[in-house]
Amino acid sequence: MLPEKSEVVVIGGGIVGVAIAHELAKRGIDVTVLEKRFIGSGSTFRCGTGIRQQFNDEANVRVMKRSVELWEKYSREYNFSFSQTGYLFLLYDEGEVETFKRNIKIQNKFGVPTRLITPEEAKEIVPLLDISEVIAASWNPTDGKADPFEATTAFAIKAKEYGAKLLEYTEVKGFIIENGEIKGVKTNRGIIKTGIVVNATNAWAKLINAMAGIRLKIPIEPYKHQAVITQPIKRGTINPMVISFKYGHAYLTQTFHGGIIGGIGYEVGPTYDLTPTYEFLREVSYYFTKIIPALKNLLILRTWAGYYAKTPDSNPAIGKIDELSDYYIAAGFSGHGFMMAPAVGEMIADLITRGKTNLPIEWYDPYRFERGELRTAALQMG
Ligand SMILES: Cc1cc2nc3c(=O)[nH]c(=O)nc-3n(C[C@H](O)[C@H](O)[C@H](O)COP(=O)(O)OP(=O)(O)OC[C@H]3O[C@@H](n4cnc5c(N)ncnc54)[C@H](O)[C@@H]3O)c2cc1C
């Protein structure tokens with residue numbers, strides 16, 4: 001049964017919706033998550049596990065520093081796997097080195113301990129790397145990875161313990177709006193009364209905005225990105241997330257099960273199609289084996305696809321939309337929403353409970369597109 005009413009309704013039960021509900025419930029707010037399939041069934045369970053603070057602007061560095069603090073805290077308290085095995089960006093020419101030196105300066109200024117290291121040092125971290133063309137690397141040992149299934153489930157269980165309701169197979173179909181105020185949400189299972197809604201549907205966000213009659217232009221489009229997993233190999237073989245922009249914008253690391261997981265920049269869209277392609281299989285094999293030649297000997301077990309919900313500047317839209325009270329959005333994560341989720345939970349909970357937040361949320365202002373104030377594009381992997 002649907003509850004008759006809820007103080008806050010979060011639409012979307014991915015890591016972002018669940019993290020928001022968790023934070024609100026922890027603060028004693030009556031919150032309900034509506035998820036059209038099952039918890040985590042969107043991009044979240046298809047994601048590449050990576051959590052990094054190596055961004056190229058103040059806001060993302062600060063938000064991700066906070067997010068990593070929360071990943072550390074909650075993985076300890078709720079007992080799910082999060083490991084700080086670092087992110088290693090391989091650099092191949094002076095131009096790349098200059099860009100990363102600038103990024104490292106911003107990161108260091110806000111307390112993220114990234115440093116430029118030599119190819120030999122990079123090889124000490126990942127002995128199987130081919131460093132013949134690498135001239136330097138950007139290394140932050142406090143970046144890391146978490147299992148998306150485990151993490152989302154852990155946050156969901158805790159959110160419930162704090163009193164949140166998480167309703168699966170409950171699809172939002174429309175809203176009840178009177179004089180610019182939300183009165184309720186219509187679902188395939190009936191109506192739930194509420195005054196506060198959070199759109200956390202990422203790749204589907206524009207459909208929910210349309211249902212709510214939002215006129216503000218918030219361009220978020222679904223793009224197909226693919227990933228691969230190999231047979232498991234000895235634990236500890238590739239600890240950090242290894243990135244190579246030169247070789248196809250590739251990212252790869254080893255999962256807790258031992259398989260090598262990763263993807264490349266190869267992008268199709270805008271589309272809601274999710275069929276993996278042969279071309280991706282060929283390209284990912286080529287690029288991965290350029291970075292780590294030993295991968296030539298590994299079997300590929302499976303490929304799959306998921307959405308990057310992309311905005312024009314690769315930064316999400318996070319904030320309150322004033323034309324409808326009370327409507328919030330946290331969507332358009334452009335391929336790095338898993339890592340941001342704990343901090344986004346905090347930002348949205350702050351907005352709802354205190355009307356403001358100490359994190360630099362203005363960077364993600366949903367109004368920036370209409371105003372033509374695009375941000376510096378966030379570093380996007382994959
Ligand atoms: C191949 C790949 C690799 C990635 N790698 C990384 C990475 O290494 N690190 C990282 O941080 N991010 C990564 N990402 C991005 C990451 O997966 C997303 O940014 C993140 O999962 C977004 O979470 P979300 O909760 O906003 O969205 P989702 O997980 O997509 O959740 C949205 C939910 O809304 C539900 N929904 C939609 N419409 C309705 C409706 N009408 N009613 C009710 N429910 C509805 C959906 O069913 C879905 O469960 C990757 C993505 C892909 C595809």
Side-chain angles (χ1 to χ4, degrees), residues 9-21 32-52 64 67 71 87 143-149 151-152 155 166-175 185-189 197-212 220 222-229 241 243 251-253 255 261-267 269 272 274 276 280 284 303-310 314 316-318 329-345 378 380-382:
V9 165
V10 176
I11 308 172
I15 185 75
V16 171
V18 168
I20 292 169
T32 303
V33 175
L34 306 180
E35 164 54 50
K36 72 172 171 179
R37 293 183 66 218
F38 53 89
I39 294 296
S41 58
S43 296
T44 295
F45 282 6
R46 297 160 182 271
C47 102
T49 76
I51 295 169
R52 72 183 147 96
M64 278 313 304
S67 210
W71 278 111
Y87 255 66
D143 290 340
K145 56 195 172 194
D147 181 314
F149 179 81
T152 309
F155 278 112
L166 274 60
L167 304 180
E168 299 181 298
Y169 296 97
T170 308
E171 180 169 359
V172 170
K173 300 279 199 186
F175 293 87
V185 177
K186 294 182 200 159
T187 80
N188 61 330
R189 297 172 59 205
V197 163
V198 183
N199 177 357
T201 57
N202 212 33
W204 295 269
K206 65 176 178 190
L207 308 176
I208 301 293
N209 286 348
M211 285 178 204
I220 298 175
Y223 283 83
K224 174 161 75 172
H225 273 256
Q226 300 176 57
V228 64
I229 185 92
M241 185 71 85
I243 312 278
Y251 62 93
L252 63 92
T253 191
T255 66
I261 190 175
I264 54 175
Y266 183 84
E267 178 172 273
Y272 280 110
L274 282 181
F280 167 79
V284 80
T303 62
W304 69 93
Y307 304 124
Y308 277 25
K310 285 188 34 165
S314 298
I318 308 174
I329 185 166
F333 288 93
S334 307
H336 49 271
F338 176 66
M339 60 181 78
M340 291 182 83
V344 175
Q380 188 190 299
M381 263 85 259

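Counting starts at 1 for both ligands and their atoms, in listed order. We number each residue from 1, following the sequence as shown.
- Ligand 1 has a nitrogen or oxygen under 3.5 angstrom from a nitrogen or oxygen of S43.
- Counting atoms of ligand 1 from 1 in the listed order, those under 4.0 Å from a heavy atom of Y307 are 53 (C).
- Summarising the contacts of atom 42 (N) of ligand 1 with T152, V16, V172, the nearest heavy atom is found in V172.
- Per-residue contacts place T170 under 4.0 angstrom from the following atoms of ligand 1 (heavy atoms of the residue considered): 43 (C).
- Ring orientation note: the planes of Y169 and F38 are tilted relative to one another, at an angle of 30° to 60°.
- In terms of protein heavy-atom proximity, atom 51 (C) of ligand 1 is closest to Y308 CE1, 3.5 Å.
- Protein heavy atom at the shortest distance from atom 9 (N) of ligand 1 is G50 O, 2.9 Å.
- At a heavy-atom cutoff of 4.0 Å, ligand 1 is contacted by the backbone of R46 but not by its side chain.
- For Y251, every heavy-atom contact with ligand 1 shorter than 4.0 Å involves the side chain, none the backbone.
- Below 3.5 Å of separation, one finds an N or O of I15 facing an N or O of ligand 1.
- For F338 and F333, the gap between ring centers reaches or exceeds 6.0 Å.
- Going from atom OH of Y307 over to atom NZ of K224 covers 9.5 Å, rounded to the nearest 0.5 Å.
- In terms of protein heavy-atom proximity, atom 27 (O) of ligand 1 is closest to N202 CB, 3.3 Å.
- Proximity of T253 to Y87: side-chain heavy atoms (C-beta onward) are nowhere separated by under 4.5 Å.
- Not one N or O of M340 is nearer than 3.5 Å to an N or O of ligand 1, by distance alone.
- Some N or O of F338 is nearer than 3.5 Å to an N or O of ligand 1, by distance alone.
- For ligand 1, one of its N or O atoms has an N or O atom of G335 under 3.5 Å away.
- Atom CD1 of I220 is separated from atom CG of L207 by 10.5 Å, given to the nearest 0.5 angstrom.
- Pairing each heavy atom of A330 with each of I20, the nearest pair is CB-CD1, 4.1 Å.
- Contact check for K206 versus P222: side-chain heavy atoms found under the 4.5 Å cut-off.
- The contact set between ligand 1 and G48, taken as ligand atoms under 4.0 Å from a residue heavy atom, comprises 3 (C), 4 (C), 5 (N), 6 (C), 7 (C), 8 (O).
- When each atom of ligand 1 is checked for a heavy atom of G306 under 4.0 Å away, the hits are 53 (C).
- Between A305 and P276, the shortest heavy-atom contact is N-CG, 4.4 Å.
- Taking OG1 of T49 as the reference point, atom CD1 of I261 lies at 5.5 Å (rounded to 0.5 Å).
- When the options C47, A205, G42 are ranked by their closest heavy atom to atom 16 (C) of ligand 1, first place goes to C47.
- Interface atoms of ligand 1 facing G12, defined by a heavy-atom separation under 4.0 Å, are 33 (C), 34 (O), 35 (C).
- I264 pairs with exactly one of V228, L252, V284 by the side-chain contact (heavy atoms from CB on, under 4.5 Å) rule, that one being V284.
- Contact annotation for T49 and ligand 1: only backbone heavy atoms (N, CA, C, O) come within less than 4.0 Å of the ligand.
- Scanning all heavy atoms of the two residues, the minimum distance from I15 to G337 falls at CG2-O, 4.3 Å.
- No part of A203 comes within 4.0 Å of ligand 1, judged by heavy-atom distances.
- At the top of the distance list for atom 47 (O) of ligand 1, counting protein heavy atoms only, stands E35 OE2, 2.7 Å.
- Under 4.0 Å from ligand 1, not a single heavy atom of V18 appears.
- For ligand 1, the polar-atom distance check finds an N/O of M339 within less than 3.5 Å of one of the ligand's N/O atoms.
- Among residue pairs with one or both ends in residues 38-48, those qualifying as side chain to side chain donor-acceptor pair (under 3.5 Å) are E35-S41; sequence neighbours excluded.
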Exercise. So K310 and E267, side chain to side chain contact (heavy atoms under 4.5 Å, CB included) or not? Walk me through it.
Worked result: CA-CA 11 Å; K310 285 188 34 165; E267 178 172 273; 3.0 Å; yes
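- Within the 4.0 Å heavy-atom criterion, both parts of T44, backbone and side chain, lie near ligand 1.
- T187 does not count as a contact of ligand 1, since none of its heavy atoms falls under 4.0 Å from the ligand.
- For T170, the side-chain contact (heavy atoms from CB on, under 4.5 Å) partners are L2, L34, L167, T187, N188, R189, not counting sequence neighbours.
- Only the side chain of F333 comes within contact range of ligand 1, with a heavy atom under 4.0 Å; no backbone atom does.
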For this session: Let me see the working for Y308 and Y223 under ring-ring contact (aromatic ring centres under 6.0 Å, His included), right down to the final yes or no.
Result: CA-CA 5 Å; Y308 277 25; Y223 283 83; 8.8 Å; no
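- What sits closest to atom 31 (O) of ligand 1 on the protein, heavy atoms only, is G14 CA, 3.5 Å.
- In this structure the side chain of I51 reaches within 4.5 angstrom of the side chain of W71, judged on heavy atoms.
- Relative ring orientation between F280 and Y266 is described as tilted, the plane-to-plane angle lying within the 30° to 60° band.
- Atom 19 (O) of ligand 1 has as its closest protein heavy atom G337 N, 2.9 Å.
- Every atom of ligand 1 with a heavy atom of A200 under 4.0 Å away is listed here by number and element: 32 (C).
- The distance from atom CD1 of I11 to atom CE of M211, rounded to the nearest 0.5 Å, is 8.0 Å.
- For atom 44 (N) of ligand 1, the closest heavy atom belonging to the protein is K36 N, 3.0 Å.
- Remark: distances from the non-hydrogen atoms of S41 to ligand 1 include one below 4.0 Å.
- Residue-ligand proximity, I208 to ligand 1, at heavy-atom distances under 4.0 Å covers atoms 41 (N).
- Close approach to L34 involves these atoms of ligand 1, each under 4.0 Å from a residue heavy atom: 43 (C), 44 (N).
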